[in-house]
Structure formats: C-alpha cells, structure tokens
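Below is one structure; the comments refer to it alone.
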Amino acid sequence: MNIVIAGAGEVGFHLSNMLSREAHDIVIIDTNEEKLDIIVNHMDVKTILGSATSIKILEDARISSSDLFIAVTSSEEVNISAAIFAKELGVKTTVSRVSNHEYLSEKKISFKKLGIDHIIYPEELAAEEITELIKHPELSEVHDFSNGKLSLVGLILHPDAPTVNKSLIDIVSDFPNVNCNAVAIHRNDKTIIPRGNTKFLANDHVYFITPPSELDNILKLTGRDTFKVDDIMILGGSKIGKHTAELLQNNHKIKLIEKDKNKAFQFADSLSKTLVLHGNCNDINFLEEEGLKEMDAFIAVTGDSETNIIACLMAKRFGIQKTIAAVNNIDYLDLSQNLGIDTLINKKFIAASKILKYIRKGEVLDITSLPSADAEVLEFIVKDGSNITKSSVKSLNFPETAIIGGIIRNNESYIATGDFIIQPDDEVIVFALPGSIQKVEKYFK
C-alpha cells in the first residue's frame with residue numbers, strides 16, 4: 001500500500017515502525033525536522049518537512065495515488081483539515097485523530113461527506129480498554145473477538161502454578177479438558193511462540209486464545225485467583241479519567257480525585273454517580289484518608305506518567321489487587337511485568353492499533369496490537385478458495401513466528417488443533433510477530 005502519515009509523534013512513529021517492516025511505501029509529513037530525522041535514522045521511509053495542510057506538500061507526497069492518509073498530528077484542526085484536503089486531492093481512505101468527544105456523537109455533520117472516512121478518539125479507546133480490564137481484573141490484558149466468541153487473554157504465570165516448568169506437551173496431557181490455546185510467551189523482553197517442547201517458567205507473561213467459558217480453567221493453569229471489583233479509585237480528572245468514570249459508575253462505587261478545583265466541580269456536576277474529590281494526587285496521606293486501602297482497583301490517569309506509576313506502586317503496597325496506570329511514553333509499556341503494576345496503557349498506542357485495522361489486507365475483521373509482546377492478533381474472514389483452506393492446520397506450513405489460535409464457525413468457537421481444516425466463511429484468529437504478518441495475509445487471499 002501507499003500510505004501517507006501526517007505527524008511524526010509517537011503514534012506516527014509507531015505506525016511507521018510497524019509498517020516499514022513490511023512492504024508498504026510510506027511517506028511521513030511533519031513540521032518538526034528533528035522528529036523526521038529520528039524516523040529516517042530508524043526506518044526506511046520517505047519524509048517531507050512541512051505542514052500536511054499545504055496542498056503542495058500533499059502533492060509532493062503523491063497523495064492522489066495513495067491508498068491511505070492518516071492524520072495523527074498533535075493538532076485536531078490540522079488533522080481534520082489535512083484529511084479533508086487529502087480526500088479532495090484523490091486519496092482513497094482517510095483517518096483523522098481528534099481530541100473532541102463531541103465529534104463521535106455529532107449527527108448534524110457528516111464527516112464522511114467532508115472527506116474523513118474514520119475518526120479516532122484515543123481517550124475514549126483507552127477508557128474502553130480500562131473498562132474491559134476491570135471486568136476481568138485477574139487478567140493483564142483481554143481482547144474479545146467476534147462479539148466475545150473467542151478472547152485473547154494475558155496473565156502472569158504464578159510461581160506456584162501447576163504448569164510451571166512443564167512443557168506444552170505435558171500441559172496438554174495433564175489438563176486434557178481445558179479448551180484453550182497458548183499462543184505466546186513473553187519472557188525477558190522476548191516473545192516466544194510455544195511449540196510442543198517449550199517449557200513454561202514462573203513469571204512468564206502467557207497469552208491464550210480461549211472461549212470466555214474457559215477463563216476459570218485458565219486461572220487454575222496459571223495459579224491465579226478470581227476476585228470481584230466493587231470500589232474503584234481513579235486518580236486524575238483527565239479525559240480518560242472522566243470517560244472511564246462514565247463507563248464504570250453504574251456498576252461500581254467510584255471515587256475520582258482531581259487536583260484542579262474548577263475541574264473537580266465540573267466533574268461533580270456531570271458525573272452524577274461518581275464521588276468527585278478535590279485533592280493533591282501526589283498526597284498519599286490524602287488518598288489514605290479517602291479510603292485507598294479499601295479499594296479493589298486503582299486507576300491512575302493523570303497527565304504525568306511518573307505520578308501514575310508511583311501511585312500504582314504505592315497502591316500495590318497497600319494491597320490493592322488491580323492497578324492500571326496510563327503512561328505517555330510507548331516505550332514504558334513493556335515495564336509493567338518488571339514493575340509489578342498489573343497493566344500499563346498508552347492512548348497513543350491504542351490509537352495506532354485501531355488505525356492498523358484500516359491497513360491490513362486479506363479480509364481482516366479485527367486487529368489487536370500487543371505492546372508488551374510486540375505482536376499483533378488478527379481476525380480474518382476466510383474467502384472461498386483461499387490458501388488457508390487447502391489442507392489441515394498442521395500441514396499448512398504456517399510461518400514459525402505465527403500461530404492459528406482459534407476458529408469461529410456458524411457462531412461456534414473452536415480451538416485450532418493440528419487436524420482441523422479451515423473452511424470458507426470461518427473467522428480465524430491468528431497471533432503473529434511483525435515479520436510474519438505479510439506471509440500470514442497471503443494465506444487468506
């Protein structure tokens with residue numbers, strides 16, 4: 001694909017980094033020469049110094065012959081204007097990042113008619129991800145496919161888990177009734193696709209594809225206990241904090257701490273079922289007085305990454321079982337396993353993951369990027385005559401750095417076994433490391 005990206009910030013950098021590993025032709029536009037130099041030094045892409053709202057700059061990027069234009073600068077106005085101009089100049093598809101929640105629900109204006117095919121609002125995406133993690137507090141990550149028929153779940157292997165120091169073959173033999181597929185292990189900053197002789201070690205971050213009904217069995221395999229979340233403290237009245245409270249307040253007791261007095265009063269008016277408190281987010285004594293020790297979950301989403309990380313570490317010391325911290329630097333996302341925080345999230349990474357869905361080929365229904373594993377999980381719809389239907393799973397010669405996790409057929413979910421034969425119209429969940437994604441896509445053409 002020919003792809004033009006406006007914005008060389010973290011979202012643009014991450015998208016460029018992932019896509020440059022494949023065979024896409026990428027052009028990056030930004031007004032910051034230093035950011036462009038960093039990108040050029042890290043990957044094989046073309047860069048143009050200038051504004052994406054300039055007609056000449058867009059023409060220099062050959063926008064008329066491009067397949068996709070992605071506007072992810074720090075300016076909402078630039079993103080909207082640039083996407084409209086790019087569409088008018090002939091690009092096939094446009095994606096624009098916005099920072100105004102109103103645009104998602106606005107019915108009076110058709111952004112599609114203006115020339116913007118897809119709008120991405122990172123703060124809402126982050127709030128939705130946090131909400132899913134609260135629904136499944138035992139998990140470090142959870143992503144549903146096909147309306148929950150299959151799920152990808154991530155868990156840290158407890159040292160006392162019955163699967164520690166056992167190979168995948170041993171686990172299948174010892175637990176024959178557990179219907180799941182271990183698709184990846186993240187260990188020592190490296191992601192492993194487990195094969196028969198692969199051993200599972202204590203504190204491995206293990207990813208499973210499973211029907212939701214098997215979650216209790218997976219918790220037993222990994223030595224984890226289930227628990228319920230009732231009381232939640234949210235640190236920071238950011239857009240993520242506000243949207244998270246809106247999504248959770250009907251089913252949980254929420255306390256939201258905001259240091260800005262005016263914002264606290266505004267949130268108190270709009271969040272009718274949330275207790276909004278004005279206070280210093282760095283004052284641990286204040287948080288204790290407001291019941292920190294009694295919380296089941298602690299969500300830190302201030303605008304400062306270090307404050308969020310330190311607050312979550314402190315919450316862990318007070319015995320809070322579920323901690324989630326928002327971080328501004330994508331590079332921090334791999335630290336949660338080492339720090340002891342349950343989950344780190346980054347709104348920019350989540351936005352980039354969503355945008356990737358518009359890039360993938362091969363009838364991709366859904367896509368999830370996993371920051372800690374440097375991998376993607378893709379949901380394909382199988383077309384009649386595609387290569388994936390030619391033989392059984394074990395005879396497909398599938399890439400070694402990818403694995404078929406599960407299949408959905410006629411609204412029924414199946415775990416991929418060696419003898420399984422995939423059929424047209426099946427929905428197939430694939431876990432893939434970046435270098436194998438293009439090879440995987442060919443199986444679904």
Completion exercise
Across all chains, not counting sequence neighbours, the salt bridge (charged side-chain N to carboxylate O under 4.0 Å, His left out) partners of K228 are D230
Exercise for the section: Could you tell me whether the side chain of D342 and the main chain of T323 form a donor-acceptor pair under 3.5 Å? Expected result: yes
Exercise for the section: Test side-chain contact (heavy atoms from CB on, under 4.5 Å) on I232 and V229 and set out the steps. Expected result: CA-CA 7 Å; I232 303 171; V229 171; 3.5 Å; yes
Exercise for the section: Could you walk me through whether K242 and E246 pass the salt bridge (charged side-chain N to carboxylate O under 4.0 Å, His left out) test, one step at a time? Expected result: CA-CA 6 Å; K242 182 175 184 291; E246 288 172 339; 2.8 Å; yes
Handout entry: Any pair counted as ring-ring contact (aromatic ring centres under 6.0 Å, His included), so long as it reaches residues 137-165, sequence neighbours left out
Key = none
Completion exercise
Shortest non-hydrogen pair, D117 vs T94, comes out as OD2-N, 2.8 Å
Practice task
Look only at the side chain of S305 and the backbone of N328, and say whether a donor-acceptor pair between them is shorter than 3.5 Å.
Solution key: yes
Exercise for the section: Give a yes or no on whether a salt bridge exists between E138 and R224, defined as a side-chain N under 4.0 angstrom from a carboxylate O. Expected result: no
Problem - K220: salt bridge (charged side-chain N to carboxylate O under 4.0 Å, His left out) partners, not counting sequence neighbours - result: none
Problem - F265, CZ: over 12 other non-hydrogen atoms inside 6.0 angstrom - result: no
Exercise for the section: Using side-chain hydrogen bond (donor to acceptor under 3.5 Å, both in side chains) as the criterion, list what pairs up with N346, not counting sequence neighbours. Expected result: none
Exercise for the section: Go through the steps for I257 and M233 under the test side-chain contact (heavy atoms from CB on, under 4.5 Å), then give the verdict. Expected result: CA-CA 8 Å; I257 313 297; M233 182 174 285; 4.2 Å; yes
Which pairs would a plain distance check flag for residues 10-17, meaning a side-chain donor or acceptor within less than 3.5 Å of a matching protein atom at least two apart in sequence or in another chain?
unit_1	atom_1	unit_2	atom_2	d
E10	OE1	K348	NZ	3.4
E10	OE2	I330	N	2.8
S16	OG	G12	O	2.6

Exercise for the section: Taking salt bridge (charged side-chain N to carboxylate O under 4.0 Å, His left out) as the test, write out the residues that go with R409, two or more places apart. Expected result: D426
Exercise for the section: For the residue pair K445 and N387, confirm or rule out a side-chain donor-acceptor distance under 3.5 Å. Expected result: no
Practice task
Return the minimal non-hydrogen interatomic distance between G236 and T302, and the atom names on each side.
Solution key: CA-CG2, 3.8 Å
Handout entry: All salt bridge (charged side-chain N to carboxylate O under 4.0 Å, His left out) counterparts of D67, not counting sequence neighbours
Key = K92
Exercise for the section: Write out all pairs satisfying ring-ring contact (aromatic ring centres under 6.0 Å, His included) with one or both partners inside residues 396-424, taking only residues at least two apart or from two chains. Expected result: F398-Y443, Y414-F420
Practice task
Could you tell me whether a side-chain N or O of R97 sits under 3.5 Å from a main-chain N or O of I70, the two making a donor and an acceptor?
Solution key: no
Practice task
Starting from the C-alpha separation in whole Å, work towards a yes-or-no answer on side-chain contact (heavy atoms from CB on, under 4.5 Å) for L215 and H136.
Solution key: CA-CA 10 Å; L215 185 55; H136 306 281; 3.9 Å; yes
Which pairs of donor and acceptor atoms, one on a side chain in residues 173-182, lie under 3.5 Å apart (sequence neighbours left out)?
unit_1	atom_1	unit_2	atom_2	d
D174	OD2	K166	NZ	2.8
N181	ND2	I404	O	3.3
N181	ND2	G405	O	3.3

Problem - Of all pairs that satisfy ring-ring contact (aromatic ring centres under 6.0 Å, His included), the ones with a partner from residues 287-306, not counting sequence neighbours - result: none
Handout entry: Side-chain donor or acceptor of E76 paired with backbone N/O of N100 under 3.5 Å
Key = yes
Problem - Which residues share a side-chain hydrogen bond (donor to acceptor under 3.5 Å, both in side chains) with Y121, sequence neighbours left out - result: H243
Problem - Qualifying side chain to side chain donor-acceptor pair (under 3.5 Å) pairs, either residue in residues 288-298, two or more places apart - result: none
